[in-house]
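This report concerns only the one structure given below.
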Amino acid sequence: MLAKISTTWKLLLKLLGPKILFSSLKSIHSFPHSPSHLGLMHRPEHLLRKTTKNFKTAKTTLQSILLLLLFVPLIKPAPPTQQDLRSIYDYGTDNFEETIFRQDYEDKYLDGKNTKVKESIIIPDGKSLQLQKDESVTALPPKKENEEMPTCLLCVCLLGSVYCEEVDIDAVPPLPKESAYLYARFNKIKKLTAKDFADIPNLRRLDFTGNLIQEIEDGTFSKLSLLEELSLAENQLVKLPVLPPKLTLFNAKYNKIKSRGIKANTFKKLNNLTFLYLDHNALDSVPPNLPESLRVIHLQFNNITSITDDTFCKANDARYIRDRVEEIRLEGNPIILGKYPNSFTCLKKLPIGSYF
């Protein structure tokens, strides 16, 4: 503290000179500081005013000098800045954001489409970060949706099951060879071909419900010796293809299938077929040669007008009983079942439908 005071006095002596400094101090010292200096009270009034004025002037001058000397060392010059007029913004106005946007736009797009934008890519290498700049990015041509996309990215592949539901495919996608179940419901598939399943021999279930299938090649399911369930419901079929021999369930409801579109031997050799759903089609007769293994037969809401004694039973064998059939539905057809009593003698339950 003493060192600071000493330094201050030296600066005062250097700037003001000893004569002015001591005269100022003398004026301050001559002012009465205590009631003991009563001699001033007897002086004329003008002398009192003069003395007071001199004291105030000297005191103000000395205080200003002291403040100047104390604060001047604390002021440091600002570091030099780049003289870029574009970097000076008016922070007190409402156009600050607009100014920044305009500058950024001019920096990047002033030269038009040929201007290259510098990019910084941070690539971690374990020890440091490396900046790569001026890398030009080549725009790839847009690809059509689902074009050349691997099946297990477009669909979901899980433990031999492939789920391709509602992905807007118009053909059967390439399947993994180990696939056993394919669910391709509610898409836009219009045709099934022999090539679709040529290399997938382990398929056990196919579900194409809710597509636009109009045609199926006869050899489409010829190599699927393990196929057990096939659903072609809610399509636009008018005829049936050759079906695989081990089917247990066949569902082709809500199509446009006509009786002439079903061959005489289509179901004859399907000795494992248990569930047959052909309702809501355009059949005018019950399909012939239905296998003995059937338990459920749905033929409701077709155009069936008549049946024979051999449709479900055997006309030449009065002892024959079809004991596996649990349900036959014929409602919604124009047939009156009461006209054909001999057609149900082998059944444990009468078909569902109109008898009057």
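Here the structure is a predicted model, which means the values were calculated and not measured.
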Practice task
Just jot down the side chain to side chain donor-acceptor pair (under 3.5 Å) partners of Glu166, sequence neighbours excluded, or say none.
Solution key: none
Practice task
Could you list the residues that satisfy side chain to side chain donor-acceptor pair (under 3.5 Å) with Glu217, not counting sequence neighbours?
Solution key: none
Problem - Derivation of the salt bridge (charged side-chain N to carboxylate O under 4.0 Å, His left out) call for Lys263 and Asp218 - result: CA-CA 12 Å; Lys263 296 179 180 179; Asp218 282 340; 3.7 Å; yes
Is it the case that [X] and [Y] place a side-chain donor and acceptor less than 3.5 Å from each other?
| X | Y | answer |
| --- | --- | --- |
| Ser259 | Asp284 | yes |
| Thr209 | Ser231 | yes |
| Asp196 | Thr193 | yes |

Exercise for the section: Start with the C-alpha gap between Phe221 and Leu247, add the side-chain angles, then the distance that decides, and say whether side-chain contact (heavy atoms from CB on, under 4.5 Å) holds. Expected result: CA-CA 11 Å; Phe221 309 115; Leu247 273 186; over 6 Å; no
Problem - Close side-chain approach of Pro351 to Leu337, heavy-atom, < 4.5 Å - result: yes
Handout entry: Non-hydrogen side-chain atoms of Thr274 and Val296 separated by less than 4.5 Å
Key = no
Practice task
Show your working on side-chain contact (heavy atoms from CB on, under 4.5 Å) between Ile262 and Leu283 and close with a plain yes or no.
Solution key: CA-CA 9 Å; Ile262 300 178; Leu283 300 176; 3.8 Å; yes
Note: [X]-[Y] ion pair, threshold 4.0 Å (strictly below):
| X | Y | value |
| --- | --- | --- |
| Asp170 | Lys191 | no |
| Lys246 | Glu228 | no |
| Asp207 | Arg185 | yes |
| Arg329 | Glu331 | yes |

Exercise for the section: Return the set of residues passing salt bridge (charged side-chain N to carboxylate O under 4.0 Å, His left out) with Arg324 (not counting sequence neighbours), or none when no residue passes. Expected result: none
Exercise for the section: Identify the two heavy atoms, one from Leu273 and one from Ser293, that lie closest to each other, and give their separation to 0.1 Å. Expected result: O-OG, 2.5 Å
Practice task
Inspect the surroundings of OH in Tyr254 and state if more than 12 heavy atoms from other residues, nucleotides or ligands are less than 6.0 Å away.
Solution key: no
